[in-house]
Amino acid sequence: MVAEGGNGGIGYWTHPYEPQNQPTPIVEIDTEATWRMSGCTLTEAFAADLASYN
């Protein structure tokens with residue numbers, strides 16, 4: 001987990017069998033243990049989170 005907030009956290013989705021030449025996806029997980037893909041970089045994930053904050 002990279003960052004934690006009141007509604008859950010955000011971090012990298014890593015797996016030992018993922019290709020090393022591909023970007024590691026960013027996922028968000030909430031307090032109910034549901035998750036969603038947020039982007040390929042932390043910048044994309046934070047921008048998506050801010051855009052959906054309305």
Side-chain angles (χ1 to χ4, degrees):
M1 187 172 311
V2 174
E4 188 172 352
N7 293 333
I10 188 167
Y12 294 97
W13 179 273
T14 59
H15 190 275
Y17 299 117
E18 287 184 33
Q20 297 299 313
N21 61 351
Q22 300 294 320
T24 304
I26 306 294
V27 294
E28 290 181 59
I29 188 165
D30 64 15
T31 56
E32 302 296 321
T34 56
W35 59 274
R36 69 182 180 108
M37 300 297 258
S38 296
C40 291
T41 65
L42 280 176
T43 305
E44 284 181 7
F46 289 136
D49 187 54
L50 286 174
S52 67
Y53 186 67
N54 300 341

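Quick caveat: nothing in here was measured; it's all calculated off a predicted structure. We count residues from 1, following the sequence as given.
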Practice task
To the nearest 0.5 angstrom, please state how far the CZ atom of Arg36 sits from the CG atom of Asp30.
Solution key: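 The CG atom of Asp30 is 9.5 Å from CZ of Arg36, to the nearest 0.5 Å.
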
Exercise for the section: Nearest 0.5 Å please: distance from the CD atom of Glu28 over to the OG1 atom of Thr34. Expected result: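 Reported value, rounded in 0.5 Å steps: 10.0 Å.
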
Practice task
Measure across Trp13 and Thr24 and return the closest heavy-atom pair with its distance rounded to 0.1 Å.
Solution key: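 Looking at all heavy atoms of both residues, the shortest contact is O-CG2, 3.0 Å.
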
Problem - Heavy-atom closest pair, residues Pro25 and Met37 - result: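 It is CB-CE, 3.4 Å.
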
Exercise for the section: Check whether any side-chain heavy atom of Tyr12 lies under 4.5 Å from a side-chain heavy atom of Ile26, and answer yes or no. Expected result: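 Tyr12 vs Ile26: side chains touch.
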
